[in-house]
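What follows is a short report on a single structure.
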Amino acid sequence: MTVLYEDNHIIIVNKQSGEIVQGDKTGDRPLSELVKDYLKEKYHKPGAVFLGVTHRLDRPVSGLVVFARTSKALSRLNKMFAVGQVHKTYWAITPLTHRKGQGESLTHWLVRNEKQNKSYAYDHEVPGSKKAVLSYRVIGHSDRYQLLEVQLMTGRHHQIRCQLAAIGMPIKGDLKYGAPRSNPDGSISLLSRRVAFTHPVSGAQISVEAPLPDDPLWQAFK
């Protein structure tokens, strides 16, 4: 866990692939508990440490996670995330299909299957579906892969993974959504790269960028 920004009200950390943000049925120790340990030790807090989870990243995804250190920040950040006032930029590596600079907006209707922990994309509204919108552009490529910059307009379950797979561009390593093979470390090549928002308490402009994963392909795009 690496802390990239910290003040009295919020803390932003760089999540590694394989870590879970919040506790789940696996029983694995989540990132939220590691952050609490960090704060308890750094500030010599004698009792329980408050930490609010404002959003999540899928387990195989790496990058920025924003936590609230106070109830005031948590309440305000939750509202900001709900109305799209927190701007998140993702980078994704997919098979080479476009030329640099090309991109488009994608709109699908996603249906979540809880048992499979998977979403399915439709090009029209169906029962139980939620509208999902994102935009992407190609910002780099190698002989076999391309690097996409993705902006989310909605926040749906597995949205980027599902929508890119629906147009024939599954994220590298994402077996669940059609990638032909896994990454050696079990990650998928999706990074929460940048987050920008107005500080919920001070009103300052916050912009934080995650480092690229320590992987030869990611580093080649650097």
Is the shortest heavy-atom distance from the side chain of [X] to the side chain of [Y] under 4.5 Å?
X: Leu4; Y: Val13; value: no
X: Leu51; Y: Ile11; value: yes
X: Thr94; Y: Tyr136; value: no
X: Met169; Y: Leu148; value: yes
X: Val208; Y: Arg194; value: no
X: Ser189; Y: Asp215; value: no

Give the cluster check for [X] versus [Y]: same hydrophobic cluster or not, with ILVMFWY residues linked at side-chain heavy-atom distances below 4.5 Å.
X: Phe221; Y: Ile139; result: yes
X: Ile12; Y: Val86; result: yes
X: Leu147; Y: Val138; result: no
X: Ile10; Y: Val201; result: no
X: Leu217; Y: Trp91; result: yes

Query raised in the report: How would you list all residue pairs meeting side chain to side chain donor-acceptor pair (under 3.5 Å) that involve residues 42-68, not counting sequence neighbours?
Result: Glu6-Lys42, Glu6-Tyr43, Gln22-Arg56, Asp28-Arg59, Tyr38-Lys42, Asp58-Arg161
Test item: side-chain donor near acceptor, [X] and [Y], under 3.5 Å:
X: Gln205; Y: Thr198; value: yes
X: Ser135; Y: Glu104; value: no
X: His157; Y: Ser119; value: yes
X: Thr154; Y: Gln159; value: yes
X: His108; Y: Tyr122; value: no

Report task. In sequence, state the C-alpha distance, the side-chain angles, and the governing distance for Tyr120 and Cys162, and then conclude on side-chain contact (heavy atoms from CB on, under 4.5 Å). Result -> CA-CA 7 Å; Tyr120 291 86; Cys162 184; 5.5 Å; no
Quick one: pull up [atom1] in [X] and [atom2] in [Y] and give me the separation to the nearest 0.5 Å.
X: Arg193; Y: Tyr90; atom1: CZ; atom2: OH; answer: 14.0 Å
X: Lys88; Y: Gln151; atom1: NZ; atom2: CD; answer: 11.0 Å
X: Ile160; Y: Asp174; atom1: CD1; atom2: CG; answer: 11.0 Å
X: Glu19; Y: Met1; atom1: CD; atom2: CE; answer: 8.5 Å
X: Met153; Y: Leu106; atom1: CE; atom2: CG; answer: 10.0 Å
X: Leu39; Y: Leu34; atom1: CG; atom2: CG; answer: 11.0 Å

Which heavy atom of [X] sits nearest a heavy atom of [Y], and at what distance?
X: Leu96; Y: Ser142; result: CD2-O, 3.6 Å
X: Gln85; Y: Phe197; result: O-CB, 3.8 Å
X: Asn14; Y: Ala210; result: OD1-CB, 3.8 Å
X: Pro213; Y: Gln219; result: O-NE2, 2.9 Å
X: Tyr145; Y: Ile93; result: CB-CG2, 3.7 Å
X: Lys172; Y: Asn183; result: NZ-OD1, 2.8 Å

Requested in this report: Kindly determine whether Ile188 and Lys176 satisfy side-chain contact (heavy atoms from CB on, under 4.5 Å), including the steps that lead there.
Outcome: CA-CA 10 Å; Ile188 64 173; Lys176 179 168 284 193; over 6 Å; no
Report task. Check the pair Tyr5, Val195 against side-chain contact (heavy atoms from CB on, under 4.5 Å), reporting the backbone distance first and the verdict last. Result -> CA-CA 11 Å; Tyr5 176 87; Val195 65; over 6 Å; no
Requested in this report: Can you establish whether the number of heavy atoms outside Lys130 located under 6.0 Å from its atom NZ is more than 12?
Outcome: no
Query raised in the report: Under 6.0 Å between the ring centres of His158 and Tyr177?
Result: yes
Would you be so kind as to tabulate the donor-acceptor pairs closer than 3.5 Å made by side chains of residues 63-72, with sequence neighbours excluded?
unit_1, atom_1, unit_2, atom_2, d
Arg69, NH1, Asp7, O, 2.8
Thr70, OG1, His9, ND1, 2.9
Thr70, OG1, Ala73, N, 3.2

Query - Of Val21, Ile20, Leu191, Thr2, the residue whose pairing with Lys15 passes side chain to side chain contact (heavy atoms under 4.5 Å, CB included) - result: Val21
Requested in this report: Might you work through the side-chain contact (heavy atoms from CB on, under 4.5 Å) test for Lys131 and Val133, ending with a clear yes or no?
Outcome: CA-CA 7 Å; Lys131 189 176 183 180; Val133 184; 4.0 Å; yes
Report task. Please confirm whether the backbone N or O of Ala132 pairs with a side-chain atom of Arg156, one donor and one acceptor, at under 3.5 Å? Result -> no
Report task. Please confirm whether the backbone N or O of Gly140 pairs with a side-chain atom of Gln146, one donor and one acceptor, at under 3.5 Å? Result -> no
